Undergrad: 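Mind looking over this structure? Questions follow.
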Amino acid sequence: MTSHIADVLIPLALDTAYSYAVPDGLDLKEGDVVQVPLASREVVGVVWGLRSGQGGNLKKVTGVVDAPNLSAKMRKFLDWIAWYTLAPKGSALAMGLKLVDAERAEVVRVGVRLAGQLPKRMTPARQKVIEAAQDGVVRLKSELAHAAGVSAGVVDGLIDEGTLETVTLLQEPVAEAPNPDSGSAALSDGQQAAALELIASMAEEHPPVTLLEGVTGSGKTEVYFEAVAQAVRDGRQALILMPEIALTTQFLDRFAARFGVKPATWHSGVTGRKRERLYAAIASGEVRVVAGARSALFLPYADLGLIVVDEEHETAYKQDDGVHYHARDMAVVRGRIENASVVLASATPSIESRVNVQRGRYRHVQLPERFGGRQMPQIRAVDLRRETIPKGRWLSPTLNLSIEDTLGRGEQVLLFLNRRGYAPLTLCRACAHRYECPNCSAWLVEHRFRRSLVCHHCGHVERTPQACISCGSIDSLVPCGPGVERIAEEVAEIFPDKRCVVLSSDMLGGTERLRTELAAIADGAFDIVIGTQLVAKGHNFPLMTLVGVLDADIGLTSGDPRAAERTFQMLQQVTGRAGRGEKPGRALVQTWQPDHPVIAALVSGDAERFYEEETRVREIAGLPPFGRLASLIVSAAEREAAEAHARAMALVAQPPAGVTVLGPAEAPLALIRGRYRFRLLVKTEREVDLQAYLRDWLGRCPKVRGNARVAIDVDPQSFL
DNA sequence: AGCACGCCGACT
DNA sequence: GTCGGCGTGCTC
């Protein structure tokens, strides 16, 4: 009899699989989920490899866990992710395995209900349980205990006494089967053509990645639903990835209208037994369509035929706890491995995706018109060099006229300024002292409402001083430049009788408050909304017909090579908020540089122009072309920070051929959440070199290795 | 992830 | 003197 050794990958931050002896009579396959001893405890792992050999003094595999086998494709995917993100293999596995709690999968849930008979000994706790169970409803043990405000032990005691009886709970169906031919899809000709193109792509031997572009309201969802329907007809599975916040009832209802039932959903709110059963049903192929957040990408699909990444430009797809990845890019990779068609849907596609279209790596399907005939807002630049604006004011006469006009018609105005607080710089009139952050030397931003000076870089907060900390002069501090709070002040002076609200992440009351304010705006409770990038997405404001961008140039001058791209996307989203209702919208964009490619492209509505121009500018400036840029985020504990930084700089000073270090993109060392952090930008000729370089760099930097986290940010498509 | 080991501050 | 904080290293 040949004996075997199993190399078991454990879902911990370990980069190698550990070897265990396979006991005689245990039939293991690669991908099986097993239990193994590790140090003093038992853990769950996955058989990553099997080989014959003597177990010797290796520990033995304890047993096989009743969980779906991880397919070779899935293992390949996880290996790739670990390699690409420079994360330990075990961490990559953890993303796929922690989705289901193997221990709990064994537990059979039982419900309890009142059986009648009173316990021999009555206690106050038991009394409470009996009262809570009086209605005769079958409840889980834990639920009943919780309802009665006692521990589960009391419930157990009452079961022993015969006061409560146990009932095996029926399993609710985890998800109903979507019917691809249920709803009649009333598609326009344009939509129909797009849908057919997606459907045709799914039948290809090597299904492509397709960028599905269409403005809000153009019916992108209906179009990709047709591709989903085709996957279902083909007997394969479809995954619709979306940012967690986008998984709304509205979306589920639209799905139900097309497919007769709601899709299975996978997100952080799906927990416990439901999650386990969904996991199993996805692995068995029973569940055909999953709509899910980022983590749904790591489910063990039996036969995935289509991945849709909705709102592909969303930054929420970036994940950075433990393993740093961009779900959109990983979806592309998974699609490649699974031989699935990938559809990236967006109204404002990311620059990477556009460049991939330009280079012929992705296909492009466009839906030009707004469904139902709604128009894109008309966008105009306001050249600040030609406007006369009083000192301490920021709204141009041109913009003011438009605001007045809009308000006069009873419509809403959005004023966008991507700057929190009252003023971005504070200085002393007497001695010209600039208030800077003690940690990162960024300017401190005055928050008048909070009476504080805040560092937007690291979060440092200090109380606004009465007297200048440098020269002691009283009341000598002058705010320089505008923030949203200051704009609110100006608006209140010019339009004193209008209802105005400021939306920024500083708003007291958190998400809950934000939601109510957004709803109030949609209902017309305010005339003027002043907001930071918080207002760029989400929520429709049907009454809003004018968007004023107060300073479109913010962000265009920072050292970050992605600044232009980010600004373009943000402005495109913000200006797109005008005219979502019945009436057409307009946007006025105040700028000092109307000829800047970002502004010009925005105003002309010609995104391609920006991408072409930007690509050219990057070439001239020696910046990396899109998709070949990596950023390393290294964070180290305070004690190690200086050394880690010095070592990193030393290593980075002599990169291998084909790798260029562009320098730190953030402040050299910034204290963020208790850790020192710095970011390096690296460009390469070939990404494969980059991976090798980064691994080498990590390996040669032992002080950093222990407590550094590395994030890389490159486009995977370019080296698949 | 756990768990042990080891090094520094504040106390029964 | 020790208790215990967490930073660090190891687990086939």
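Bear in mind that the values here come from a model prediction, so they are computed numbers and not experimental data. Because only heavy atoms are used, hydrogens play no part in the values below, and waters and symmetry mates are left out as well, while side chains stay in. Throughout, a chain's letter reflects where its sequence line sits, starting with A, and its residues are numbered from 1.
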Undergrad: Nearest whole angstrom, please: distance from the C1' of C:dC12 to the CZ of A:Arg41.
TA: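 It works out to 13 Å between those atoms.
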Undergrad: CG of A:Asp15 versus C1' of C:dC12: gap in Å, rounded?
TA: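 Rounding to the nearest Å, CG of A:Asp15 and C1' of C:dC12 are 15 Å apart.
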Undergrad: For A:Leu38 and B:dA4, give me the distance from atom CG to atom C1', rounded to whole Å.
TA: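 Atom-to-atom, A:Leu38 to B:dA4, this comes out as 14 Å.
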Undergrad: Once you round it to whole Å, what is the distance between P of C:dC12 and CD of A:Gln35?
TA: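 Distance, rounded to whole Å: 14 Å.
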Undergrad: Round to a whole Å and report the spacing from CG of A:Leu14 to P of C:dG9.
TA: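 Distance, rounded to whole Å: 15 Å.
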Undergrad: Please pick, from C:dT11, C:dC12, B:dC3, the nucleotide with the shortest atom-to-atom distance to any side-chain atom of A:Leu58.
TA: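 Among the listed nucleotides, the one closest to the side chain of A:Leu58 is C:dC12.
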Undergrad: Should the ring pair A:Trp266 and A:Tyr279 be called parallel, tilted or perpendicular, given that the plane angle runs from 0 to 90° and is split at 30 and 60?
TA: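 If you compare the ring of A:Trp266 with that of A:Tyr279, the planes turn out tilted.
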Undergrad: Expressed in angstrom and rounded to an integer, what is the separation of A:Asn57 atom CG from C:dC12 atom P?
TA: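 Those two atoms, CG and P, are 11 Å apart.
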Undergrad: Looking only at non-hydrogen atoms, find the nearest pair between A:Val270 and A:Thr265 and report the distance.
TA: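 Heavy atoms only, the tightest pair is CG2-O, 3.5 Å.
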Undergrad: Determine, using ring centers only, whether A:Phe77 and A:Phe298 are less than 6.0 Å apart.
TA: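 Yes, the ring centres sit under 6.0 Å apart.
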Undergrad: By the 4.0 Å heavy-atom rule, please label A:Ile5 as base, sugar-phosphate, or nothing.
TA: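 Counting heavy atoms under 4.0 Å across all strands, no contact is made by A:Ile5.
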Undergrad: Please state how far atom NZ in A:Lys89 lies from atom C1' in B:dA1, giving the value in whole angstrom units.
TA: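 A:Lys89 atom NZ is separated from B:dA1 atom C1' by 20 Å.
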Undergrad: Classify the side-chain pair A:Arg51/A:Ser19 by whether it contains a donor and acceptor separated by less than 3.5 Å.
TA: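 Side chains of A:Arg51 and A:Ser19: pair found under 3.5 Å.
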Undergrad: Whole Å only: how far is the CG atom of A:Leu9 from the C1' atom of B:dA1?
TA: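 From A:Leu9 CG to B:dA1 C1': 14 Å.
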Undergrad: State which of B:dA1, C:dC12, C:dT11 makes the closest approach to the side chain of A:Ser19.
TA: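 The nucleotide sitting nearest to the side chain is C:dC12.
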